[in-house]
Visitor: 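Dropping the structure in here first, questions after.
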There are 2 protein chains.
Amino acid sequence: MSKTPARDGLRSAILGGEYLPGERLVEAQLMTRFEASRFTVRAALQDLAGEGLVQMERNRGAHVRKVPLGEAVEITEVRMVLEGLIAARAAERVTDEQASELDEIGLLMRRAVDAQEYRRYSDLNHRLHSLVRQIAGHGTADRIVETLRGQLVRHQFMLSLLPGRPQTSLPQHERVIAAIRDRDPKAAETAMRDHIASVIEALRSIDFPGGPA
Amino acid sequence: MSKTPARDGLRSAILGGEYLPGERLVEAQLMTRFEASRFTVRAALQDLAGEGLVQMERNRGAHVRKVPLGEAVEITEVRMVLEGLIAARAAERVTDEQASELDEIGLLMRRAVDAQEYRRYSDLNHRLHSLVRQIAGHGTADRIVETLRGQLVRHQFMLSLLPGRPQTSLPQHERVIAAIRDRDPKAAETAMRDHIASVIEALRSIDFPGGPA
DNA sequence: CCTCCGAGGATTGTTGACAATCTCGTCAGC
DNA sequence: GCTGACGAGATTGTCAACAATCCTCGGAGG
């Protein structure tokens, strides 16, 4: 999937928060940063623009795209139905080995919440969703979810700071795991959708006074 | 959304079937065809590659991407859940005026099927899905569905040739319309998903002997 | 007759320079 | 003091030439 080191480097730089939303991406700077020619840098920018991470305006250059809250909600709604589809399919195709791997992640999650290790919980959360997608083996849905996730890194970061979130989402995760382990597609889809629906509510609750400056 | 005439021209040429799947897209030819510089042509190709219409291989040029049947099914599965989401949201937001517009399309569809005007029915089908998306006003889902639809033009063309399809899908469309008109999101989602699920079945039934040559 | 190899043409990849446009500071006029 | 035109610098847009790679076709050897 990687086209050029410059593209991947810029991508992870944006995702890692080195370039903030709205920040200008000057081609000359990127050239020195990634030791790439202008040709390569432009290709990377155009590529990431197609992915929704970068916004390009004619004669005004490229910026890190700023995703407004309303769009973040939309994106998460789309993720809700897509990951629902993925969960259902995972329930159809899961192997015994994968099922126990799911169970283990669930166990670790519970321990992390009990120990209030929220950073660890967040990592496990990502690992869980990843594993479910891998089990489902739905390339098309997978690709779309992954690009959408990229556009939300900043918002998801804010979410992880919300107090009480892990306590809310842990039982939801456990229901997803149980449904997939029991090979019940319908229940898996419902559980996953309920889970992400609660993420949407949390997102909406952020009517942050600091605001979209 | 249009970036350059060359990009849009090439896009509709591919969608219109002027370039067949697998066909090579030689930069020099496109330059003369669209009276654009090589720079512009390359940008267009890269853009359409991001949209999944074109496949680029290093040093081997660009081809019209060939979507295998299995992926067409995947794409339609994604469309199923996305259009389900869209239908539900349309049911929440539909105005009286839009509702009667939906009803009128339904009426015209029934007439078209009765008169066996299948080409007209296909147009109405597209118009119906478009209107539902417009009512929903879900920019993110809309964009994704539109790009997915682009990748399927060829397969959808084959579908429209399947005998008996209109008779199958007409009542499904009518249920979608009724649910949105009645402002019942859950029913609208279910109806839309059932409808597209039947499209998926039809797709799977195409194990065409002519084959992917 | 088949296979392997190489030269030539065609096509794409990359570079650097130049043109067009925007941004921002400066200064004249009111 | 304020407004608006002007111009220098910075940045992006575009192009044409050159380099690298691939593909085809023909021929030599077995």
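Order of the sequence lines sets the chain letters (A, B, ...), proteins ahead of strands, with each chain counted from 1. The figures here come from the full heavy-atom set of this structure, side chains too, leaving out hydrogens, waters and symmetry mates.
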Visitor: From NZ of A:Lys3 over to P of C:dT12, roughly how many Å is that when rounded to an integer?
Guide: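 Rounding to the nearest Å, NZ of A:Lys3 and P of C:dT12 are 15 Å apart.
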
Visitor: Which parts of nucleotides 10-15 of chain D does protein reach within less than 4.0 Å, heavy atoms only, written one letter per nucleotide 5' to 3' as B for base, S for sugar-phosphate only and - for none?
Guide: -SBBBB

Visitor: Just wondering, do A:Leu159 and A:Leu162 contact through their side chains at under 4.5 Å, heavy atoms?
Guide: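 A:Leu162 reaches A:Leu159 side chain to side chain.
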
Visitor: Would you call A:Glu92 and A:Arg89 a salt bridge, using N to O less than 4.0 angstrom?
Guide: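 Salt bridge: no.
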
Visitor: Any Lys/Arg nitrogen of B:Arg149 or B:Glu146 sitting under 4.0 Å from an Asp/Glu carboxylate oxygen of the other?
Guide: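 Result for this pair is yes, salt bridge flagged.
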
Visitor: Taking the side chain as everything from C-beta on, heavy atoms only, tell me whether A:Arg33 gets closer than 4.5 Å to A:Glu18.
Guide: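 When only atoms from C-beta onward are counted, A:Glu18 and A:Arg33 do touch, with a gap below 4.5 Å.
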
Visitor: Return the set of residues passing side-chain contact (heavy atoms from CB on, under 4.5 Å) with A:Arg154 (not counting sequence neighbours), or none when no residue passes.
Guide: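 With sequence neighbours excluded, A:Arg154 shows a side-chain contact (heavy atoms from CB on, under 4.5 Å) to A:Leu20, A:Pro21, given in chain and number order.
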
